[in-house]
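Structure first, commentary second.
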Amino acid sequence: MGHFVLIDGNSIANRAFYALPLLSTSAGLHTNAVLGFTTMLLKVLEELQPTHIMVAFDAGKVVFRHSEFAEYKGGRKKTPPELSEQFPLMRELLDAFSIKRFELEGYEADDIIGTLTKQADEQNWKTTVITGDKDMLQLVSDHVSVALTRKGVSEIELYTPQEITDKYGLEPLQIIDLKGLMGDTSDNIPGVPGVGEKTALKLLHEYGSVEQVLENVDRVSGKKLQENLRENVDKAKLSKALATIMRDAPVELNLGDTAYDGYDGASVTEFFKKMEFKSLLSKVKGTAPTAQSEEKQAFSFEVVTSANADAFAANLTSPMAIYVEMDGENYHHAPILGFGLANEDIALYVSWDEAKEWEAFRNWLGDAGQEKWTFDGKRDTVGLAWHGLDIKGINFDVYLASYLLNAAESNPTVDSIAAQYAQIRVLPDEELYGKGAKRLIPETDELSEHVAKKAKAIWQSVPVLREQLEENDLSGLLNDLEGPLSLVLAEMEKHGVRVNAERLAQMGDELDRKLEELTAKIYDLAGMSFNINSPKQLGEVLYEKLDLPVLKKTKTGPSTSADVLEKLAPYHPIIDTILTFRQLGKLRSTYIEGLTKEIHGNTSKVHTIFNQATTATGRLSSTDPNLQNIPIRMEEGRKIREAFIPSEADCYILAADYSQIELRILAHISGDENLIDAFRKNMDIHTRTAMDVFGVAEQDVTSLMRRQAKAVNFGIVYGISDYGLSQNLNITRKEAGDFIERYFSVFSGVKRWMEEIVQQAKQDGYVTTLLQRRRYLPDIRSSNFNLRSFAERTAMNTPIQGTAADVIKLAMIRMQKSLEEKGLKSRMLLQVHDELVFEVPQDELELMQELVPEVMENALELDVPLKVDVNYGRSWYDAK
DNA sequence: TGGTTCACG
DNA sequence: ACGTACGTGAACCAA
């Protein structure tokens with residue numbers, strides 16, 4: 001016996017849209033309604049096993065059958081664009097599943113379904129309607145069931161005539177009368193005021209229909225209810241009419257057309273991939289992955305021991321995937337547990353103890369001719385170096401590749417990469433080891449399988465990643481930039497930076513003294529002691545005890561941030577003391593204590609980790625310790641830099657920083673003639689901006705004008721807004737708006753570029769840097785003003801910040817190469833976004849002062865010159 | 001664990 | 001009318 005399933009497309013789409021968070025693909029396409037629709041569809045196909053299936057959609061402008069209808073139906077909430085844009089995708093979905101869809105110009109989906117169920121009923125077909133709309137229950141008959149979606153769309157509840165009687169004590173057609181009396185706010189059916197489900201059911205149980213209720217209104221109990229019914233006769237009748245589903249639309253059903261005999265797994269898989277429905281891929285029937293993935297779960301691997309190592313030596317191939325398992329996050333300290341190795345034919349595990357003794361492996365590892373595929377080759381290189389092992393020949397890094405494909409998914413892990421690009425699944429480390437205090441190294445056989453699996457996942461991911469990199473024009477960036485850079489960074493991390501611990505300790509003692517004094521003074525001024533570091537307690541003291549005005553609030557209470565406190569300074573002397581306390585407290589905890597903790601026991605150096613796959617723009621970041629935010633702006637903090645010294649005698653610290661690199665890049669990519677002119681003439685850019693914006697001669701630019709122009713230039717780089725600028729300069733929004741307007745009239749090329757880049761982002765869903773680095777902006781088409789504005793500013797900022805990151809990365813690769821080729825002893829120590837720091841032996845100082853800017857300035861040719869300032873001294877502090 | 005604050009570019 | 005400048009990491013507090 002056949003089973004005909006009819007789906008109310010619009011109802012399901014709406015339900016799904018509002019039930020699920022607003023998901024989107026990496027290209028910014030919203031997919032939540034499609035995902036919900038898909039889940040529902042898979043469930044229906046599995047549970048109902050339809051032989052015939054069809055989906056109905058609303059189409060065109062609905063022709064209202066009563067003039068009064070217009071008022072109510074017209075008052076419906078407009079469909080948000082995030083949902084509208086998903087309707088074409090849902091049609092694609094149905095096509096992928098080979099499911100017929102039906103639309104009729106001028107009719108709603110429920111009219112079509114009402115008509116078709118009537119025809120099906122007359123021909124005695126077993127029929128099920130899938131909808132989220134309770135009105136549809138009126139269609140239920142001996143042959144027709146209605147399945148209502150529950151909890152969004154994840155569950156369905158089936159209604160036959162019996163269930164309707166059980167639940168409401170009504171016949172299916174009386175559902176219309178029920179709605180007529182109680183109304184339905186979501187559908188703009190008014191109903192009778194004061195009548196809800198309870199009253200409506202009571203009335204219907206007694207009288208049977210809206211008409212009978214109205215006819216017998218005198219007998220209805222309750223004075224107020226009688227009155228409401230009398231006064232709303234028209235409304236009740238209209239509501240009933242509105243709730244009645246049309247059953248005679250001009251639709252002819254040919255059941256044969258809707259026959260369903262399964263879907264083509266390949267086209268569904270392709271669609272899921274496009275939608276990035278990764279978790280659903282395994283549910284696709286009849287395609288190779290499902291059948292095979294079960295088998296491939298039976299993963300096999302071998303453990304290499306001293307007894308069998310000779311036999312496995314032949315399995316060390318080129319290329320081969322390798323994963324180095326370490327016990328801990330920080331690879332400068334982590335013990336090595338073992339190695340996973342894999343190629344197409346085999347997966348191996350070698351414990352650290354066995355590996356040390358396995359000569360063939362060590363030779364293979366250090367042989368640059370033997371290609372290796374890695375997950376974070378920098379980690380492997382540095383981690384192994386600490387244990388005296390060399391790894392060479394890294395030729396593809398899935399960690400970097402995955403970052404380039406989607407920088408938003410920061411810090412990819414082997415399990416996440418496997419889930420996206422490989423066939424086998426890898427357990428997240430956390431699940432194997434446990435986290436926090438519960439962390440425990442598992443049994444040997446569990447560990448060896450896990451590590452071998454990681455290597456296999458790397459092996460399987462490479463071809464997929466290669467293809468996707470190629471498609472997105474990112475292969476060059478990996479092979480010529482991020483890949484080589486990771487080895488440069490490895491050298492820098494391994495070498496480390498020498499820190500003078502005694503100097504830090506001295507400074508710490510001094511800070512302790514000062515902080516003690518400040519604490520006493522603050523307690524005295526407040527008239528009580530409290531935890532100054534607690535924003536909550538501080539807020540109570542300032543805003544309750546001392547009754548200072550609240551200028552800004554955070555989610556949790558009144559703000560005590562520095563910019564607010566500065567404005568409060570005139571009210572009370574405690575404010576300045578608190579600001580100083582905060583400043584010094586930060587220096588002590590983060591830079592004295594924090595940095596001291598990171599000094600490596602035997603080297604007396606700090607070895608940071610430069611994270612190459614964290615930021616959304618392509619910049620590096622630095623952790624454990626972060627050496628990219630060592631104080632410089634305030635003199636007290638800047639002194640911290642006195643503790644950063646060369647690691648060898650008779651050496652200097654040399655620092656080289658790009659001057660205005662971001663504005664120069666803006667000049668290049670916008671092509672703004674005025675900005676280009678300014679840089680070609682090597683002018684002070686903020687002064688030049690002030691001249692142009694304020695219309696004065698160079699000698700008439702005041703320091704205030706220059707300061708304001710500088711803020712405007714910053715704002716431009718960040719994706720300017722009048723509000724942001726007004727906050728920064730402490731001026732009104734109107735004044736800030738005027739500045740921006742004047743800036744754009746002088747730098748019209750910049751204005752044009754900003755408009756174009758936002759347009760381009762809206763069109764493509766992403767923006768790129770000069771070297772094709774890509775950042776997706778899923779919110780760029782959002783109807784939420786905040787989200788969209790944020791994405792727009794990001795669209796303007798990322799090509800600038802990201803290109804600057806590209807440039808200095810190129811410079812680092814060339815610099816390292818140059819140092820090696822020239823056989824210099826100078827070492828590159830740090831990168832701080834627009835600055836490179838070196839340690840340089842005395843006899844190389846002269847050469848390096850020429851070489852470093854030469855390499856940096858010529859890293860990439862732009863329409864404006866790049867400019868680099870170089871300074872050196874006996875400490876980082878003195879390199880100014 | 002999330003929120004706040006603050007150090008840097 | 002909406003309410004923020006872009007990108008990071010670390011320390012600390014309060015649940």
Side-chain angles (χ1 to χ4, degrees), chain A residues 407 410-411 435-436 530-539 552-565 578-579 581-595 597-598 608-611 614-634 636-638 640-641 657-662 666 711-729 733 736 740 767 775 782-802 804-805 808 830-836:
Chain A
S410 74
N411 251 335
K435 58 176 170 178
F530 63 102
N531 185 347
I532 310 166
N533 279 322
S534 159
K536 197 175 164 223
Q537 292 181 40
L538 180 60
K552 200 167 99 185
K553 283 185 182 167
T554 68
K555 280 180 200 166
T556 50
S559 170
T560 67
S561 62
D563 61 321
V564 175
L565 293 190
I578 289 169
L579 283 167
F581 177 91
R582 280 246 181 99
Q583 211 182 60
L584 301 189
K586 176 96 177 174
L587 291 180
R588 181 172 64 176
S589 66
T590 305
Y591 297 103
I592 302 290
E593 290 169 1
L595 204 54
K597 266 186 259 170
E598 294 289 345
T608 187
I609 292 177
F610 285 109
N611 200 321
T614 296
T615 70
T617 54
R619 275 190 176 181
L620 300 176
S621 84
S622 156
T623 56
D624 305 305
N626 180 354
L627 295 182
Q628 291 183 319
N629 69 347
I630 302 302
I632 189 166
R633 293 172 193 171
M634 296 295 197
E636 299 95 311
R638 193 174 194 156
I640 299 280
R641 294 179 176 227
D657 66 298
Y658 282 108
S659 159
Q660 302 300 344
I661 188 168
E662 294 191 334
L666 175 62
V712 172
N713 278 329
F714 266 95
I716 290 293
V717 169
Y718 292 158
I720 198 139
S721 76
D722 51 6
Y723 187 86
L725 183 63
S726 73
Q727 288 295 299
N728 190 285
L729 283 177
R733 243 171 86 166
I740 294 167
V767 289
R775 179 177 185 179
S782 170
S783 63
N784 178 318
F785 176 88
N786 268 334
L787 291 178
R788 190 178 62 247
S789 305
F790 198 171
E792 286 170 357
R793 290 195 297 274
T794 311
M796 300 184 245
N797 172 264
T798 296
I800 302 173
Q801 194 186 114
I808 194 163
L830 297 171
Q831 186 250 47
V832 193
H833 310 307
D834 65 351
E835 172 187 15
L836 295 178

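In the text below, chain A, chain B and the rest are named by the order of the sequence lines, each starting its count at 1.
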For [X], side chain to side chain contact (heavy atoms under 4.5 Å, CB included) partners two or more places apart:
| X | result |
| --- | --- |
| Ser622(A) | Thr608(A), Phe610(A), Asn626(A), Leu627(A), Gln628(A) |
| Glu593(A) | Arg588(A), Ser589(A) |
| Pro535(A) | Thr560(A) |
| Lys552(A) | Ser559(A), Ser561(A), Asp563(A), Val564(A) |

Legend entry - Stacked pair Tyr723(A)-dT4(C), distance under 5.5 Å, angle under 30°: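 Ring-base stacking flag set for Tyr723(A) and dT4(C).
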Legend entry - Phe785(A) ring over dC2(C) six-membered base ring, under 5.5 Å and 30°: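 Per 5.5 Å and 30° rule: no stacking.
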Legend entry - Donor-acceptor contact present, side-chain Asp834(A) to main-chain Asp657(A), <3.5 Å: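 No; zero donor-acceptor contacts below 3.5 Å.
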Legend entry - Polar side-chain atom of Arg788(A) near backbone of Ser782(A) as donor-acceptor pair, under 3.5 Å: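 Side chain of Arg788(A) to backbone of Ser782(A): a pair is present.
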Legend entry - Heavy-atom contact window of chain A on DNA chain B, given 5' to 3' at under 4.0 Å: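 Listed 5' to 3', the contact boundaries are dG3(B) to dG9(B).
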Base, sugar-phosphate, or nothing: which does [X] touch, judged by heavy atoms less than 4.0 Å apart?
| X | answer |
| --- | --- |
| Thr554(A) | sugar-phosphate |
| Gln801(A) | base |
| Leu587(A) | nothing |
| Ala795(A) | nothing |
| Ile800(A) | nothing |
| Ser789(A) | nothing |
| Val832(A) | sugar-phosphate |
| Ala562(A) | sugar-phosphate |
| Ser559(A) | sugar-phosphate |
| Arg582(A) | sugar-phosphate |

Roughly, in whole Å, what's the span from [atom1] in [X] to [atom2] in [N]?
| X | N | atom1 | atom2 | answer |
| --- | --- | --- | --- | --- |
| His833(A) | dC6(C) | NE2 | C1' | 12 Å |
| Leu787(A) | dA5(C) | CG | P | 14 Å |
| Asn784(A) | dA1(C) | CG | P | 17 Å |
| Asp834(A) | dG7(C) | CG | P | 17 Å |

Inset, instruction - Between dT5(B) and dA5(C), how far apart are the P atoms? Round to whole Å, please. - result: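 Comparing P positions in dA5(C) and dT5(B) gives a spacing of 13 Å.
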Inset, instruction - Sticking with atom P, work out how far dT4(B) lies from dT4(C), rounded to a whole angstrom. - result: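 These two P atoms come out 12 Å apart once rounded.
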Inset, instruction - With sequence neighbours left out, write down each residue that passes salt bridge (charged side-chain N to carboxylate O under 4.0 Å, His left out) with Arg793(A), or none if nothing qualifies. - result: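 If we apply the salt bridge (charged side-chain N to carboxylate O under 4.0 Å, His left out) test to Arg793(A), skipping adjacent residues, there are no hits.
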Legend entry - Residue met sooner reading DNA chain C from 5', once Arg733(A) and Asn797(A) are mapped to nucleotides: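 Looking at the nearest nucleotide for each, Arg733(A) comes out on the 5' side.
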Legend entry - Residues that Tyr591(A) engages under side chain to side chain donor-acceptor pair (under 3.5 Å), provided they are two or more places apart: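 Counting only residues at least two positions away or on another chain, Tyr591(A) forms a side chain to side chain donor-acceptor pair (under 3.5 Å) with Asn629(A).
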Legend entry - Qualifying residues under side chain to side chain donor-acceptor pair (under 3.5 Å), relative to Thr617(A), sequence neighbours excluded: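 Thr617(A): side chain to side chain donor-acceptor pair (under 3.5 Å) contacts with Gln801(A).
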Inset, instruction - Rounded to the nearest 0.5 Å, what's the gap from CD1 on Ile800(A) to OH on Tyr718(A)? Could you check? - result: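 Between Ile800(A) CD1 and Tyr718(A) OH, I get 11.0 Å after rounding to 0.5 Å.
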Inset, instruction - To the nearest 0.5 Å, tell me how far Ile808(A) CD1 sits from Ile661(A) CD1. - result: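 The distance works out to 6.5 Å.
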For a quick test of your reading: what N or O donor-acceptor pairs under 3.5 Å do the side chains of residues 719-728 of chain A make, sequence neighbours left out?
residue: Ser721(A); atom: OG; partner: Gly724(A); partner atom: N; Å: 3.0
residue: Ser726(A); atom: OG; partner: Asp722(A); partner atom: O; Å: 3.4
residue: Ser726(A); atom: OG; partner: Tyr723(A); partner atom: O; Å: 2.6

Legend entry - Inter- and intrachain pairs under salt bridge (charged side-chain N to carboxylate O under 4.0 Å, His left out), touching residues 617-626 of chain A, at least two apart: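 For residues 617-626 of chain A, and leaving out neighbouring residues, the salt bridge (charged side-chain N to carboxylate O under 4.0 Å, His left out) pairs sorted by first residue read Arg619(A)-Glu662(A).
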Inset, instruction - Taking only the side-chain nitrogens and oxygens of Arg793(A), find out if one of them lies under 4.0 Å from OP1 or OP2 of dA5(C). - result: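 Indeed not, no polar side-chain atom of Arg793(A) lies that close.
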Inset, instruction - Let me have a per-nucleotide readout for nucleotides 8-15 of chain C, 5' to 3', with B, S or -, counting only protein heavy atoms under 4.0 Å. - result: SBBSSSSS
Inset, instruction - Name all stems that contain residues of DNA chain C, defined as runs of 3 or more consecutive Watson-Crick or G-U wobble pairs, both distances under 3.5 Å. - result: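 Listed by first number, the stems are B:1-9 with C:6-14.
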